[in-house]
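Order of the sequence lines fixes the chain letters, A, B, ..., with proteins taken first and strands second; residue numbering starts at 1 for each chain.
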Amino acid sequence: MHNHPPRVHSNFHARRDNIHDLSSMAFLPEVVSFRYHHIHMQLDINNMSHEDLLTLGQRIDNVKRGSSEEIIARQMRTKTYLLPNNLEGSTSEEQEINLCIICQDEYKNKEEIGILQCGHEYHADCIRRWLQEKNVCPLCKSKVLVIG
Amino acid sequence: MATNTIHGNNESAQPNNIASSKQPLPPAKTVDSQSVLRRLQSELMALMMSGDSGISAFPEEDNIFFWKGTITGSKDTVFEGTEYKLSLSFPNDYPFKPPKVKFETTCFHPNVDVHGNICLDILQDKWSSAYDVRTILISIQSLLGEPNISSPLNPQAAQLWSNQEEYRKMVEKLYKSAN
């Protein structure tokens, strides 16, 4: 709870009046500051703006859903992308263009491809980075890695 | 089987002032800024080639991380004939994180608040790195005609939605005063 977004401060200021009421019996500044601090730590979600809530939601989401690098490394299959050798004589229209949907770049010769259990393929680095955000396939949303 | 070259794993090199940092999250794994740039450029190309009707977007001068978009209300909805400007702001770790998308034109809609913030799951917890500007704009366009009434950001709009005739009048009135 110590590293929530600084924006929350604005709510804390908005609630100052209430806090004064609460602490009017205690004239010691330490007590007042303790109460401020306490309210501040609580994350007053009732008075948070839409954006504050989104930020908070995304933080919780990120903690909950990402996969650790070890799990990704253990469970993702990889292969090396090889360009077809018969480039000579074929026109560019005949060649299939293979894109990684994450970076939207074409696969280049000898790049490492990561394959998820659902069969969807991406650049290995791109999908590793994504799985650290969320444990779902970007295309079909299936949970791709079994935690544990 | 897995190979073991994992990049960007040098968190120890990050400053350890997380608590006071503007970023609430632990330092993100670095994303090559060139690859973000490349992706945004290829999105722009694809968007210009696609010829989708009723949606468009283009980067601001000098800053490809900030785009302005427009959406036209679909036919046979209360938003038909109205056009809305939006802003899209891309984070440095796009597409691993969604862009921030807001209405710049006032939009009287159950899932849009007075500041133009949009409540749409794919821009928040349902974001996927396979989405792009085009899919975002198409999603917002269909959100216009198919609001989620159960969790409104604009309760007044949610309440009025059942009366489409009155709603249309309200849209026209607000649209005229905003333009």
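- Residue Lys176(B) places its NZ atom among 12 or fewer non-hydrogen atoms of other residues, nucleotides or ligands, all under 6.0 Å distant.
- Val101(B) and Phe103(B) fall within the same hydrophobic cluster, where Ile, Leu, Val, Met, Phe, Trp and Tyr residues are linked whenever their side-chain heavy atoms come under 4.5 Å apart, directly or through other members.
- The environment of NZ in Lys75(B) is sparse: at most 12 heavy-atom neighbours from other residues, nucleotides or ligands sit within 6.0 Å.
- When the shell of 6.0 Å around CD of Gln156(B) is examined, it contains 12 or fewer heavy atoms from other residues, nucleotides or ligands.
- Annotation: the span from Arg39(B) atom CZ to Cys100(A) atom SG amounts to 9.0 Å, rounded to 0.5 Å.
- The two residues Phe96(B) and Cys126(A) make their nearest non-hydrogen contact at CE2-O, 3.4 Å.
- Pairing each heavy atom of Ile102(A) with each of Ser129(B), the nearest pair is CG1-OG, 3.6 Å.
- Residue-environment remark: CD (Gln159(B)) stays at or below the threshold of 12 foreign heavy atoms within 6.0 Å.
- Chain B forms more heavy-atom pairs under 4.5 Å with one residue of Ile101(A), Leu139(A), Ile115(A) than with any other, namely Ile101(A).
- Residue Leu37(B) does not touch chain A at all, counting heavy-atom pairs closer than 4.5 Å.
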request  = Please assess Ser128(B) against Lys141(A) for the test side chain to side chain contact (heavy atoms under 4.5 Å, CB included), listing each intermediate value before the final yes or no.
outcome  = CA-CA 8 Å; Ser128(B) 157; Lys141(A) 315 282 153 50; 3.7 Å; yes
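- When all heavy atoms of Pro138(A) and Ala130(B) are compared, the pair lying nearest together is O-CB, 3.6 Å.
- Under a hydrophobic-cluster definition in which Ile, Leu, Val, Met, Phe, Trp and Tyr are linked whenever side-chain heavy atoms come within less than 4.5 Å, directly or via other members, Leu82(A) and Leu99(A) are assigned to different clusters.
- Among all heavy-atom pairs drawn from Asp132(B) and Gln104(A), the shortest one is OD2-NE2, 3.4 Å.
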inquiry  = Checking Trp127(B) against Lys134(A) for the side chain to side chain contact (heavy atoms under 4.5 Å, CB included) test, could you report, in this order, the C-alpha distance in whole Å, the side-chain angles of both residues, the deciding distance, and whether it holds?
reply    = CA-CA 9 Å; Trp127(B) 171 253; Lys134(A) 261 188 209 176; 4.3 Å; yes
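- By the neighbour-count criterion of 12 heavy atoms within 6.0 Å, atom CE of Met48(B) is densely surrounded, having more than that number from other residues, nucleotides or ligands.
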